[in-house]
Amino acid sequence: MAQITKDQIADTLESIAQMLEIKGENVFKIRAYTNAARALETYTGNIAAAAGEGRLGEIAGVGKAIAEKITELVATGQLDYFEKLKAEFPPGLFEMFELQGLGPKKIKVLWEALNVTTVPELEKACKDGRVADLPGFGKKTSDNILGAIEARTKFAGRFRLGSIAAEAERMVSELRELPDVFRATIAGSFRRRKEVVGDLDFIVATNSPAEVSEFFVKHEMVESVIAHGATKSSVRFKSGIQADLRVVKSAEYPFALNYFTGSKEHNIVMRQRALTRGWTLNEYRLAALDNARSTPPPITDEPDLYRALDLDFVEPELREDRGEFAAAEAHTLPDLIETENLRGTFHNHTTASDGRSTLAEMAEAAQELGLQYLGIADHSKSSVQAHGLETDRLLAQIAEIKVLNANYDGHFRIFTGSEVDIHKDGSLDFPDHLLEHLDYVVASIHSSFTLSEAEMTKRIIRAMENPHVTMLGHVTGRLLLSRDGYAVDVPAVIEAAAATGTMIELNANPKRLDMDWRWWPRAKEKGVACVINPDAHHTSHLQFLHFGIGIARKGWLTRTDVVNCLPLGQIEAVLSAKRARRK
DNA sequence: GCCGTTTTCGGCCCGACTGTTTTCAGTCG
């Protein structure tokens with residue numbers, strides 16, 4: 001029996017919560033299950049080990065009852081309570097939760113009054129008028145359900161940051177241009193630079209709320225209007241993403257910005273901190289309660305708000321309730337890396353393998369971006385599908401780079417590298433005597449994705465033990481929203497990276513963003529160096545570095561944790577450090 | 001069901017919008 005994963009356990013807890021909702025259980029009990037599911041999703045420890053050693057209670061949000069259920073799931077692969085609960089409901093019922101505007105109460109009525117238990121049955125019941133006739137429903141509700149069914153099939157509901165960034169930034173800059181708009185920002189998970197976002201939240205401070213809302217819902221990017229009120233409007237953009245607009249008064253802006261930036265977990269702690277001071281915090285104000293011993297200070301921006309709660313300013317990327325409050329209290333928050341700190345980058349392709357820009361074009365684009373160096377790492381020979389380089393072509397590329405470098409007289413440099421395939425057994429696609437000729441080597445997996453976690457981990461660690469392997473490319477191989485990463489013991493890989501002096505890549509391609517931001521604090525703690533690489537296959541992809549910076553910031557990294565912040569004069573020694581320590 | 005610097009009992013974030021209702025329930029974030 002395959003070991004049950006953390007995500008599967010979280011899904012089970014979510015399902016329990018949904019079933020309890022339909023049953024009309026105590027809302028706080030339901031919340032306890034969803035809280036526990038969320039807590040598991042962000043837990044980075046080994047869940048099976050924690051269960052075996054009775055340490056599940058250490059996870060905030062997991063108490064005695066849920067710990068017992070997780071333990072049973074880990075030990076037997078299933079949960080009696082869950083199976084019995086599931087038997088009370090028709091299986092198709094849960095798909096209905098995915099429909100916007102439909103919640104547990106309405107689902108229960110549809111089931112009990114009309115015996116509707118699947119989305120197709122629901123569609124039929126709406127079309128023949130049975131839903132509209134239900135008490136508490138009506139024609140509009142019926143039509144909205146049909147609209148939600150259509151939207152669900154058309155849009156998966158989750159979007160990579162990279163796919164919607166242009167649309168989001170266009171909207172916010174146009175909002176800023178409107179008369180009477182004082183401030184406008186994209187809040188939400190976009191501002192926190194999550195790798196995948198579900199919707200966009202725009203916050204606007206204005207004295208003309210009606211005009212701003214009107215502009216928003218009538219914008220040419222808007223496909224349909226979901227809601228249009230005095231202070232809140234929701235639309236769906238043509239790309240499929242839902243976008244919400246909140247219009248507030250200037251004085252309310254810092255509170256709205258903070259509230260709608262989240263995360264939900266971060267907000268809960270903020271509110272609680274206000275409450276312990278006798279104040280109440282919401283999206284409009286920080287105000288004294290009746291029993292307050294003092295009045296809150298005036299707040300004009302977000303840093304004021306944090307200061308009022310005795311905290312250093314917490315950058316949006318860190319607002320995930322993963323330790324930022326303790327650090328903000330102790331004045332130990334990191335000085336996060338910024339895009340301007342980058343001096344070069346390493347994992348880039350050219351037309352020699354599967355890139356679409358030439359070596360010269362890539363070098364020119366890097367200089368235009370203000371970078372001092374660019375590493376070229378085309379695929380190795382085994383990556384036939386990517387036109388990987390044979391030995392001769394690699395040596396020719398090295399010679400070509402030498403010629404280009406001679407023309408830069410020291411102010412810019414191209415480093416010679418290769419993205420070498422890691423074979424199934426952990427050996428590399430090029431022999432050491434060839435790798436020796438390169439300034440650096442990126443080792444990556446592009447085949448045999450289905451090895452067991454133990455085999456995959458062993459394979460990667462063996463590759464890192466090669467003294468020529470400077471950095472490990474895309475650690476899990478995940479493709480966001482389309483392919484899960486291969487099974488790999490990330491903490492063991494981090495340990496091995498520290499032991500061998502191998503850097504770990506933060507692949508900044510918005511489809512990857514791998515290694516995941518949740519692991520970087522651990523890598524940093526172990527002393528593993530991060531290298532942010534765009535995995536560029538075109539000159540325009542160098543812009544991906546910006547997404548990588550967002551993830552590095554979410555991972556608490558500073559400029560000193562990221563090697564490609566080093567200037568040209570210092571980077572060479574770092575690239576050769578691992579080889580040097582073997583000699 | 002979880003949790004504890006007022007608590008082992010009694011809290012648990014709360015405001016906006018929609019639709020159906022005629023003062024509010026359901027849903028969402």
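Proteins come first, then strands; the chains are lettered A, B, ... in the order of their sequence lines, and each starts at number 1.
Within the 4.0 angstrom heavy-atom criterion, no nucleotide atom of any strand lies near A/Leu13. Among the heavy atoms of the strands lying under 4.0 Å from A/Pro104 are primed sugar atoms or P, OP1, OP2 only; no base atom is included. Here A/Phe97 lies out of heavy-atom contact (under 4.0 Å) with every strand. Note on A/Leu102: only backbone sugar-phosphate atoms sit closer than 4.0 angstrom, heavy atoms only; bases stay farther off. Looking at heavy-atom distances under 4.0 Å, A/Tyr33 makes contact with sugar-phosphate atoms alone, never a base. When heavy atoms are screened at a 4.0 angstrom cut-off, A/Val62 is found touching the sugar-phosphate backbone but no base atom.
Straight-line distance between the P atoms of B/dC13 and B/dC24: roughly 24 Å, to the nearest whole Å. Here, B/dG19 and B/dT23 have their C1' atoms 13 Å apart, quoted to the whole Å. Across B/dC12 and B/dT5, the matching P atoms stand 16 Å from one another, rounded to whole Å. With both ends at atom P, the span from B/dG1 to B/dT6 equals 28 Å, rounded to whole Å. A gap of 10 Å separates the C1' atoms of B/dC3 and B/dT8, to the nearest Å. Comparing the C1' positions of B/dC28 and B/dT22 gives an interatomic distance of 24 Å, to the nearest angstrom. Rounded to whole Å, the separation between the C1' atoms of B/dT21 and B/dG26 comes to 13 Å.
Ring to ring, A/Phe255 and A/Tyr284 are not that close: their centroids are 6.0 angstrom or more apart. A centroid separation of less than 6.0 Å is found between the aromatic rings of A/His266 and A/Phe325.
Atom C1' of nucleotide B/dG10 and atom CZ of A/Phe28 are separated by 10 Å, given to the nearest angstrom. The CD atom of A/Glu265 sits 12 Å away from the C1' atom of B/dG29 (whole-angstrom rounding). Atoms NZ (A/Lys23) and C1' (B/dG1) sit 15 Å apart, rounded to a whole Å. Atom NE2 of A/His266 and atom C1' of B/dG29 are 16 Å apart (whole Å). Taking atom NZ on A/Lys106 and atom C1' on B/dC24, their separation rounds to 13 Å, with Å as the unit. When rounded to the nearest whole Å, the span between CD1 of A/Ile16 and C1' of B/dG1 equals 11 Å. B/dG1 atom C1' lies 8 Å from atom CG of A/Asn26, rounded to whole Å. Per the geometry, CG belonging to A/Asn267 stands 17 Å off P belonging to B/dC12, to the nearest Å.
Checked by atom type, the side-chain pair A/His474/A/Asp514 shows no donor-acceptor distance below 3.5 Å. With no hydrogens or angles considered, a side-chain donor-acceptor pair links A/Thr558 and A/Asp561 at under 3.5 Å.
Ring planes of A/Phe237 and A/Phe202: tilted class, angle from 30 to 60°.
Taking the side chain as every heavy atom from C-beta outward, A/Leu85 and A/Ile16 approach each other to under 4.5 Å.
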Under 3.5 Å between N/O atoms: give me all the protein pairs with nucleotides 15-19 of chain B, atom names plus distance.
from: B/dA16; atom 1: OP1; to: A/Tyr284; atom 2: OH; distance (Å): 3.0
from: B/dA16; atom 1: O3'; to: A/Thr231; atom 2: OG1; distance (Å): 3.2
from: B/dC17; atom 1: OP1; to: A/Ala230; atom 2: N; distance (Å): 3.2
from: B/dC17; atom 1: OP1; to: A/Thr231; atom 2: N; distance (Å): 2.8
from: B/dC17; atom 1: OP1; to: A/Thr231; atom 2: OG1; distance (Å): 3.1
from: B/dC17; atom 1: OP1; to: A/Lys232; atom 2: N; distance (Å): 2.8
from: B/dT18; atom 1: OP1; to: A/His228; atom 2: N; distance (Å): 2.7
from: B/dG19; atom 1: OP1; to: A/Asn144; atom 2: ND2; distance (Å): 3.0
from: B/dG19; atom 1: O3'; to: A/Thr141; atom 2: OG1; distance (Å): 3.0

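Between A/Lys69 and A/Ile268, the one whose closest nucleotide on DNA chain B sits nearer the 5' end is A/Lys69. Residues A/Asp244 and A/Ser142 each lie close to DNA chain B; by heavy-atom proximity, the contact nearer the 5' end of the strand is made by A/Ser142.
Under the Watson-Crick or G-U wobble criterion, with both distances below 3.5 Å, B/dT18 is paired with B/dA25.
Using a 4.0 Å cut-off between a side-chain N of Lys or Arg and a carboxylate O of Asp or Glu, A/Glu302 and A/Arg319 qualify as a salt bridge.
Closest of all the heavy-atom pairs between A/Ala230 and A/Pro209 is O-CB, 4.1 Å.
Taking the ring axis of A/Phe82 as reference, the NZ or CZ atom of A/Lys69 does not stay both within 45° of it and closer than 6.0 Å to the ring centre.
Nearest to the side-chain atoms of A/Gln242 among the listed nucleotides B/dG29, B/dG26, B/dG1 stands B/dG29.
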